[in-house]
Each structure stands twice: as structure tokens, then as C-alpha cells.
Amino acid sequence: MKLSLRLSALLLAGVSVLGLGCEGSGARDPLNTIEAGAPVSVEPQFAQVEQGAVGDTFLRCTQPQDGSYLEVVQTATGYEAATVTEAYDPWDCRCTYLNRVVLGQYTRCNRSTVDPRILNCFRIEPNGTTGKVVLSTTRVQKTQMVIGGTQTVSYSELSIAAINQDPGQTPRKDFTYTLADCQ
């Protein structure tokens, strides 16, 4: 009995010294000590994005229910569209991380002069033709009648079609966001 108690104490001490488990050596890292939902202050000079810089966000539409979003950003070689969702890692103490899935990479993105959220992005192939990778956004105005009454309600949505016919890709994905959720 004393031997098994001493062995258990020794094993527990060894694990804590090695830093294994949820609160291991990474817990002492200042970036890991920030709790989810805790306010984080950012210096104003670091929070501003210069217009036209690599990494500049052209479009970002957020789903208010779960916080996931679709974004179109400028990269060093053109533009890239991706969906970003929060995923849970069951092997790392129920920690969360952002899962970014690229929808397509584009050579050019044109913005509408009427509304900057209306985009037409496409890839130009080496032979000069428009490629099989396209992102198109459309502003849709909807009007519906309330059930049981004569009152009508109008609202605007942004419909996004991401077409990627490269091998191994989903040929088309469609997204719909309310216009207020897109910047």
C-alpha cells in the first residue's frame, strides 16, 4: 500500500515537472494565458490596415449566430476567398482554434461603383483566358408579405457564389448573408 502510494505521488510529481497535461509548459506563455472572451487592447497604430496592402480585407461577411465568416483578402499574388469557422479540438482540453478553408485564389477582383460589397473576382490563366475559379457577389432585395396580414417587409441580402472547378475542389458553394452583416 505504501509503495503504490509513493509510486503514485512520484508519478504525479514527474508529470507536473515535465509539464504534461492541459496546464503544461504552454500555460506559462503570456499569449496562452488570455482567456476566451477576455478584452484585449490593441495599440491604435497596429490596428490600422493601410489601403491596398497585402492582407487587406476586401469583403468580410459574418454569420451572427456562430461568429463564422467569409472573407476576401488581398495576397501577394492576387486575392483569396476563404471561410473561417471556430472548431473545437477534443484532444487539447476542449480548446478552440480557427479553421480556415480556402474557396479560391484569384488574379483580379473588381468592385462595383454602386456598392463595394458587390465583387467579381476571377483567375486569369497563363494563356490569357478567364479561368474556372470565380467569386461573384450579388445584392438581392426581397419583399415578403407577413402571414395572416397585408403588411409587407423588405430586406436586402448579399448572395455569394464561389465557383472552383480545379481538381479536388467542390465545384460550387453558395452563401447568403444579410447586407448589414457584410463590410
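We count residues from 1, following the sequence as given.
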When rounded to the nearest 0.5 angstrom, what is the spacing between [atom1] in [X] and [atom2] in [Y]?
{"X": "Y106", "Y": "T77", "atom1": "OH", "atom2": "OG1", "answer": "12.5 Å"}
{"X": "C61", "Y": "L179", "atom1": "SG", "atom2": "CG", "answer": "8.5 Å"}
{"X": "I147", "Y": "M145", "atom1": "CD1", "atom2": "CE", "answer": "11.0 Å"}
{"X": "E125", "Y": "T107", "atom1": "CD", "atom2": "OG1", "answer": "7.5 Å"}
{"X": "C121", "Y": "E80", "atom1": "SG", "atom2": "CD", "answer": "11.5 Å"}
{"X": "L59", "Y": "E71", "atom1": "CG", "atom2": "CD", "answer": "9.5 Å"}

Looking only at the side chains, is there a donor atom on one of [X] and [Y] sitting less than 3.5 Å from an acceptor on the other?
{"X": "T143", "Y": "S154", "result": "yes"}
{"X": "S112", "Y": "D115", "result": "no"}
{"X": "S68", "Y": "Q63", "result": "no"}

Using residues 155-162 as the side-chain source, report each donor-acceptor pair under 3.5 Å to any protein atom, sequence neighbours left out, with the distance given to one decimal.
| unit_1 | atom_1 | unit_2 | atom_2 | d |
| --- | --- | --- | --- | --- |
| Y155 | OH | Q144 | OE1 | 3.4 |
| S156 | OG | Q141 | OE1 | 2.6 |
| E157 | OE1 | K142 | NZ | 3.3 |

**Prompt:** With side chains defined as the heavy atoms from C-beta onward, is the minimum distance between C109 and N120 less than 4.5 Å?
**Reply:**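 C109 does not reach N120 side chain to side chain.
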
**Request:** Kindly indicate whether the side chain of V114, heavy atoms from C-beta on, has any atom under 4.5 Å from the side chain of R139.
**Result:**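 Of all side-chain heavy-atom pairs linking R139 with V114, at least one is under 4.5 Å.
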
**Request:** Establish, yes or no, whether the cationic atom of R108 lies under 6.0 Å from the six-membered ring centre of Y79 and within 45° of the ring axis.
**Result:**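 Output no; distance or angle outside limits.
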
**cation_pi(R60, Y69) dist<6.0 Å, angle<=45** =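 R60 over Y69 ring: yes.
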
**Request:** In sequence, state the C-alpha distance, the side-chain angles, and the governing distance for D166 and R123, and then conclude on side-chain contact (heavy atoms from CB on, under 4.5 Å).
**Result:** CA-CA 11 Å; D166 284 340; R123 183 170 67 194; 2.8 Å; yes

**Prompt:** Are T83 and L103 close enough, and set up right, to give a side-chain contact (heavy atoms from CB on, under 4.5 Å), and what steps lead you there?
**Reply:** CA-CA 7 Å; T83 56; L103 299 172; 3.9 Å; yes

**Request:** Decide whether F175 and V72 are clustered together by the hydrophobic rule: side chain heavy atoms of Ile, Leu, Val, Met, Phe, Trp, Tyr closer than 4.5 Å, transitively.
**Result:**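 F175 clusters together with V72.
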
Got a list of side-chain donor-acceptor pairs under 3.5 Å for residues 130-138, not counting sequence neighbours?
| unit_1 | atom_1 | unit_2 | atom_2 | d |
| --- | --- | --- | --- | --- |
| T137 | OG1 | R117 | O | 3.0 |
| T137 | OG1 | L119 | N | 2.5 |
| T137 | OG1 | L119 | O | 3.4 |

